[in-house]
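Just follow the structure's listing: the first ligand is 1, and inside any ligand the first atom is 1. Count residues from 1 along the sequence. Here the structure is a predicted model, which is why all the values come from computation and not from measurement.
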Amino acid sequence: MIPAGFEYHRPGDIASAIGILQEHGDEARVIAGGHSLIPMMKLRMAEMGHLVDLQAIEELKGIEIGAGTVSLGAMVTQHELITHDGLATAIPLIREAALQIADPQVRYVGTVGGNVANGDPGNDMPGLMQCLNATFELSGPDGRRSVAAREFYEAAYFTARDDEEILTRISIPVPGAGVGQAYEKQKRKIGDYATAAAAVMVGNGHASVAMTNLADTPVWSESASNALADGDVSGCVAAMLDAIDPVADNRGPVEFKKHVAAVMLRRAIERAQSRAG
Ligand SMILES: Cc1cc2nc3c(=O)[nH]c(=O)nc-3n(C[C@H](O)[C@H](O)[C@H](O)COP(=O)(O)OP(=O)(O)OC[C@H]3O[C@@H](n4cnc5c(N)ncnc54)[C@H](O)[C@@H]3O)c2cc1C
């Protein structure tokens with residue numbers, strides 16, 4: 001319950017935040033909504049001398065809906081994802097998934113940037129962002145760069161982000177009319193991480209399929225996506241079952257997780273197909 005002591009920083013712009021990260025190296029960590037980091041600090045599983053709070057940085061806020069692209073500031077909260085009408089129209093999948101994350105209090109403060117940067121395979125937004133083929137914008141001492149969500153996750157808590165980089169925005173291509181979307185999640189109770197969850201987009205001859213908490217990273221499968229684009233649902237499920245690599249834990253043994261994964265994927269496909277066209 002009691003975290004170790006730390007120094008608190010509240011920079012007003014991205015450059016100052018990066019400067020603090022550079023100055024303190026391993027000793028510093030950014031904090032967004034704090035609803036993954038603070039629990040770890042309270043258990044003393046994360047200890048750092050300097051916390052860099054991103055809340056005062058305006059450039060990290062806001063949802064922009066363009067004709068072909070949606071841009072989400074890293075500090076956009078899950079509550080904002082749910083209540084933004086333009087976003088719900090442009091990419092309804094995001095609202096559907098955000099409503100299945102945590103609980104109202106966590107969603108008031110938990111951010112989309114924290115959810116995707118965290119690197120916990122239990123987080124729901126990473127698989128969703130892979131399904132949508134999102135791009136993550138990073139700013140660091142050497143400037144800015146973009147990394148595809150499909151290339152960002154390396155292992156549990158290891159991502160392509162360098163320690164001194166800040167995730168600033170997420171760009172997502174708008175799927176367009178005729179594309180059905182669905183997020184289906186099996187969990188033991190409200191606020192639990194998924195036993196298995198599936199994000200699906202299908203329509204206009206294309207498909208994209210990703211899954212959550214069934215490996216040490218989110219899993220997007222090209223062959224599963226191609227099979228679904230060809231209308232082969234069984235082939236899609238078989239390819240995805242090949243791609244995932246669940247481990248036994250208190251959510252169940254491996255065989256059970258594979259079973260639930262297939263059920264979630266089939267349900268998400270059915271719902272996405274019913275919304276397509
Ligand atoms: C009871 C409970 C239930 C939950 N259930 C779910 C759930 O079902 N599904 C789910 O997906 N999540 C769940 N969460 C997690 C919640 O959604 C978190 O808030 C979220 O994962 C992290 O976002 P945050 O803004 O709180 O990040 P923080 O906790 O502030 O940060 C998390 C990590 O990301 C890093 N980070 C944050 N922002 C940035 C940035 N812009 N650039 C670089 N690094 C950054 C931090 O340094 C830290 O390492 C739950 C949390 C709680 C407490």
Problem set entry | Mode of Q55 contact toward ligand 1 - side chain, backbone, both, neither (heavy atoms, under 4.0 Å) | neither
Exercise. Where does H35 meet ligand 1, judged by heavy-atom distances below 4.0 Å: at the side chain, the backbone, both, or neither?
Worked result: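 Looking at H35 and ligand 1, atoms from backbone and side chain both fall under 4.0 Å.
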Exercise. What class does the angle between the rings of H24 and H9 fall in, given that below 30° is parallel, 30 to 60° is tilted and above 60° is perpendicular?
Worked result: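 Ring orientation, 0 to 90° scale: tilted.
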For this session: Look at the rings of H79 and Y108 and say which category their plane angle falls in: under 30° parallel, 30 to 60° tilted, over 60° perpendicular.
Result: tilted
Check for me whether [X] has a heavy atom closer than 4.0 Å to any atom of ligand 1.
X: K187; value: no
X: M40; value: no
X: M75; value: no

For this session: Pick whichever of L37, T212, V30 has a heavy atom sitting closest to atom 46 (C) of ligand 1.
Result: V30
Exercise. Has ligand 1 got any nitrogen or oxygen that is less than 3.5 angstrom from a nitrogen or oxygen of G33?
Worked result: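 The answer is yes, given that G33 and ligand 1 share an N or O pair closer than 3.5 Å.
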Problem set entry | Polar proximity ligand 1 side, G34 side, N/O cut 3.5 Å exclusive |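 Yes - when backbone and side-chain N and O of G34 are compared with those of ligand 1, one distance drops under 3.5 Å.
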Problem set entry | From CD (E165) to CG (D163), nearest 0.5 Å | 9.5 Å
For this session: Check E96 against Q181 and note the closest heavy-atom contact, atom names and distance.
Result: OE2-O, 4.4 Å
I need the atoms of ligand 1 closer than 4.0 Å to a non-hydrogen atom of [X], numbered in the order shown.
X: G191; result: 3 (C), 4 (C), 5 (N)
X: A102; result: 3 (C), 4 (C), 5 (N), 6 (C), 7 (C), 8 (O), 50 (C)
X: A74; result: 41 (N)
X: Q78; result: 17 (O)
X: V106; result: 2 (C), 16 (C), 51 (C), 52 (C), 53 (C)

